[in-house]
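Below is one structure; the comments refer to it alone.
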Amino acid sequence: MGSGNSETDAGVADDMIVAGRIILGLKALRAHLGCSLQEALDAYAARYEVLRRERPADFTKSHEEYWANFYS
(Lines give C-alpha, C1' and ligand atoms only; values in the text may rest on other atoms or scores of the structure.)
Protein backbone atom coordinates (compact mmCIF):
# COMPACT_ATOMS: atom_id res chain seq x y z
CA MET A 1 0.00 0.00 0.00
CA GLY A 2 1.12 3.57 -0.55
CA SER A 3 2.95 5.62 2.03
CA GLY A 4 1.45 8.04 4.51
CA ASN A 5 -1.15 7.98 7.23
CA SER A 6 -4.20 6.11 5.91
CA GLU A 7 -6.66 8.22 7.93
CA THR A 8 -5.21 11.44 6.52
CA ASP A 9 -4.93 9.98 3.03
CA ALA A 10 -8.52 8.74 3.24
CA GLY A 11 -9.60 12.38 3.55
CA VAL A 12 -9.34 12.64 -0.23
CA ALA A 13 -12.67 10.80 -0.39
CA ASP A 14 -14.48 12.62 2.44
CA ASP A 15 -16.97 14.44 0.18
CA MET A 16 -17.82 11.19 -1.61
CA ILE A 17 -18.17 9.30 1.67
CA VAL A 18 -20.54 11.88 3.14
CA ALA A 19 -22.56 11.94 -0.10
CA GLY A 20 -22.84 8.13 -0.12
CA ARG A 21 -20.91 7.83 -3.39
CA ILE A 22 -19.28 4.56 -2.35
CA ILE A 23 -17.94 3.39 -5.72
CA LEU A 24 -16.48 6.80 -6.57
CA GLY A 25 -14.94 7.01 -3.11
CA LEU A 26 -13.33 3.59 -3.52
CA LYS A 27 -11.94 4.59 -6.92
CA ALA A 28 -10.51 7.80 -5.47
CA LEU A 29 -8.87 5.93 -2.60
CA ARG A 30 -7.39 3.28 -4.90
CA ALA A 31 -5.93 5.97 -7.16
CA HIS A 32 -4.60 8.06 -4.28
CA LEU A 33 -3.22 5.25 -2.15
CA GLY A 34 -2.18 2.91 -4.97
CA CYS A 35 -3.79 -0.01 -3.16
CA SER A 36 -6.00 -3.01 -3.82
CA LEU A 37 -9.78 -2.82 -3.85
CA GLN A 38 -9.93 -4.62 -0.49
CA GLU A 39 -7.47 -2.14 1.06
CA ALA A 40 -9.49 0.76 -0.38
CA LEU A 41 -12.68 -0.73 1.08
CA ASP A 42 -10.99 -1.06 4.47
CA ALA A 43 -9.79 2.56 4.31
CA TYR A 44 -13.23 3.74 3.17
CA ALA A 45 -15.02 1.91 5.99
CA ALA A 46 -12.58 3.24 8.58
CA ARG A 47 -12.93 6.80 7.30
CA TYR A 48 -16.72 6.44 7.17
CA GLU A 49 -16.73 5.54 10.88
CA VAL A 50 -14.55 8.58 11.71
CA LEU A 51 -16.77 10.92 9.71
CA ARG A 52 -19.94 9.47 11.25
CA ARG A 53 -18.53 10.27 14.69
CA GLU A 54 -17.08 13.69 13.86
CA ARG A 55 -19.71 15.00 11.43
CA PRO A 56 -23.00 13.17 12.12
CA ALA A 57 -25.15 16.05 10.85
CA ASP A 58 -23.53 15.79 7.40
CA PHE A 59 -25.06 12.35 6.80
CA THR A 60 -28.62 12.28 5.46
CA LYS A 61 -29.10 8.50 5.72
CA SER A 62 -28.96 6.12 8.64
CA HIS A 63 -26.10 3.61 8.80
CA GLU A 64 -28.42 0.86 7.51
CA GLU A 65 -29.72 2.99 4.61
CA TYR A 66 -26.18 4.07 3.69
CA TRP A 67 -24.96 0.51 3.10
CA ALA A 68 -28.31 -1.00 1.99
CA ASN A 69 -27.51 -1.54 -1.71
CA PHE A 70 -23.76 -2.07 -1.46
CA TYR A 71 -22.48 -5.63 -1.52
CA SER A 72 -18.78 -6.35 -1.20
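Side chains are part of it too, since the values below use all heavy atoms of this structure and drop only hydrogens, waters and symmetry mates.
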So [Y] and [X], do their side chains get closer than 4.5 Å, heavy atoms only?
| X | Y | answer |
| --- | --- | --- |
| Arg55 | Val50 | no |
| His63 | Glu49 | yes |
| Thr60 | Tyr66 | no |
| Leu51 | Asp58 | no |

Minimum-distance pair of heavy atoms, taken over all atoms of Ala13 and Leu29: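 Minimum heavy-atom contact is CB-CG, 4.0 Å.
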Proximity of Tyr48 and Phe59 rings by center, below 6.0 Å: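 Yes, close enough.
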How long is the straight-line distance from [atom2] of [Y] back to [atom1] of [X], given to the nearest 0.5 Å?
| X | Y | atom1 | atom2 | answer |
| --- | --- | --- | --- | --- |
| Met16 | Leu26 | CE | CG | 10.0 Å |
| Asp42 | Leu37 | CG | CG | 9.5 Å |
| Arg21 | Lys27 | CZ | NZ | 10.5 Å |
| Tyr44 | Ile17 | OH | CD1 | 5.0 Å |

Hydrophobic cluster identity match, Val12 and Leu33, side-chain contacts under 4.5 Å: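 Yes, it is one cluster - the side chains of Val12 and Leu33 are joined through contacts under 4.5 Å.
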Ala40 backbone acceptor or donor facing Arg30 side chain under 3.5 Å: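 Looks like no, no N/O pair under 3.5 Å.
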